[in-house]
Amino acid sequence: QVQLVESGGGLVQAGGSLRLSCAASGRTFSTVSMGWFRQAPGKEREFVAAISANGFRIVYADSVKGRFTISRDKVKNTVFLQMNKLKPEDTAVYYCAAGRAATVTSTSGAYAYWGQGTQVTVSS
């Protein structure tokens, strides 16, 4: 059974940092892209960051560029999202997703597997 399990969310003050992890099991995801999305209350799910299968291609949403860093450990089948200089508007449930192909994409429909999400709350 394929599973993506996120961890690392929590409550943090504005300006603080959190590191999210997404552990994959049930199959290897080393040959596909991985991504992070988020959904704030009352809003649609939005793209945050993605990394290609080989790790050489990375894309970020403009809203997090320069503050968030995505990385992956292919041996451990895990992807990370380091979030620095957090803002109240970063408050959302963060979802990890595994793509259908090796190339990086910001389109949610291109992702085949999704985690259950982890809550990130940034207080002002």
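Given the structure is predicted, the values throughout are model-derived calculations rather than measurements.
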Give the C-alpha distance, both sets of side-chain angles, the deciding distance and a yes or no for side-chain contact (heavy atoms from CB on, under 4.5 Å) between Val48 and Leu81. CA-CA 10 Å; Val48 175; Leu81 185 68; 4.1 Å; yes
Does Gln82 form a side-chain contact (heavy atoms from CB on, under 4.5 Å) with Ser17? I'd like the steps, not just the answer. CA-CA 8 Å; Gln82 177 66 44; Ser17 299; 4.0 Å; yes
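Both Met34 and Leu20 are part of a single hydrophobic cluster, where members link through side-chain heavy atoms under 4.5 Å apart. Both Val79 and Tyr60 are members of a single hydrophobic cluster when ILVMFWY side chains are connected at heavy-atom separations under 4.5 Å. Both Val59 and Phe37 are assigned to one and the same hydrophobic cluster, defined by single-linkage of ILVMFWY side chains at heavy-atom distances under 4.5 Å. Hydrophobic clustering, with ILVMFWY side chains joined whenever heavy atoms are under 4.5 angstrom apart, groups Val32 together with Val2.
Considering only residues two or more places apart in sequence or on other chains, Glu46 meets the salt bridge (charged side-chain N to carboxylate O under 4.0 Å, His left out) condition with Arg38.
Pairing each heavy atom of Ala14 with each of Pro88, the nearest pair is CB-CD, 4.1 Å. Scanning both residues, Val104 and Ala50, for their nearest heavy atoms gives CG2-CB, 3.3 Å.
Ring orientation note: the planes of Phe68 and Tyr94 are tilted relative to one another, at an angle of 30° to 60°.
Checking side-chain atoms of Ser33 against main-chain N and O of Ala102 turns up no donor-acceptor pair under 3.5 Å. Thr121 contributes no side-chain N or O that, together with a main-chain N or O of Leu11, makes up a donor-acceptor pair within less than 3.5 Å. When atom types are taken as modelled, the side chain of Thr107 and the backbone of Gly109 share no donor-acceptor pair closer than 3.5 angstrom. Although no hydrogens or angles enter the test, the distance criterion places a donor-acceptor pair under 3.5 Å between the side chain of Tyr111 and the main chain of Thr105. The backbone N or O of Lys74 lies less than 3.5 Å from no partner atom in the side chain of Asn77, so there is not a single donor-acceptor pair. The backbone N or O of Lys76 sits less than 3.5 Å from a side-chain atom of Thr78, completing a donor-acceptor pair.
Between Val12 and Met83, every side-chain heavy-atom pair lies at or beyond the 4.5 Å cut-off. Under the 4.5 Å side-chain criterion, counting only non-hydrogen atoms from C-beta, Tyr95 is in contact with Val93. Put simply, the side chain of Glu6 does not reach to within 4.5 Å of the side chain of Trp114, judged on heavy atoms. At a threshold of 4.5 Å between non-hydrogen side-chain atoms, the residues Val120 and Thr91 do not count as touching. The shortest side-chain heavy-atom distance between Arg57 and Ile51 does not fall under the 4.5 Å cut-off.
Considering OG1 of Thr69 and CD1 of Ile58, their distance stands at 8.0 Å, rounded to 0.5 Å.
Between Trp36 and Phe47, the ring centre distance reaches or exceeds 6.0 Å.
Among pairs with a residue in residues 13-108, those fulfilling disulfide (SG to SG under 2.5 Å) read Cys22-Cys96, at least two apart in sequence or across chains.
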Would you give me the side-chain donor-acceptor pairs under 3.5 Å for residues 24-31, sequence neighbours excluded?
unit_1, atom_1, unit_2, atom_2, d
Thr28, OG1, Ser30, N, 3.3
Thr28, OG1, Ser30, OG, 3.2

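The environment of Gln116 atom CD is sparse: at most 12 non-hydrogen atoms of other residues, nucleotides or ligands sit within 6.0 angstrom.
For the pair Arg72 and Phe80, the cation does not sit on the ring face, since its NZ or CZ is not both under 6.0 Å from the ring centre and inside 45° of the axis.
Salt-bridge formation is not detected for the pair Asp90/Lys87: no Lys NZ or Arg NE/NH1/NH2 atom is positioned less than 4.0 Å from an Asp or Glu carboxylate oxygen.
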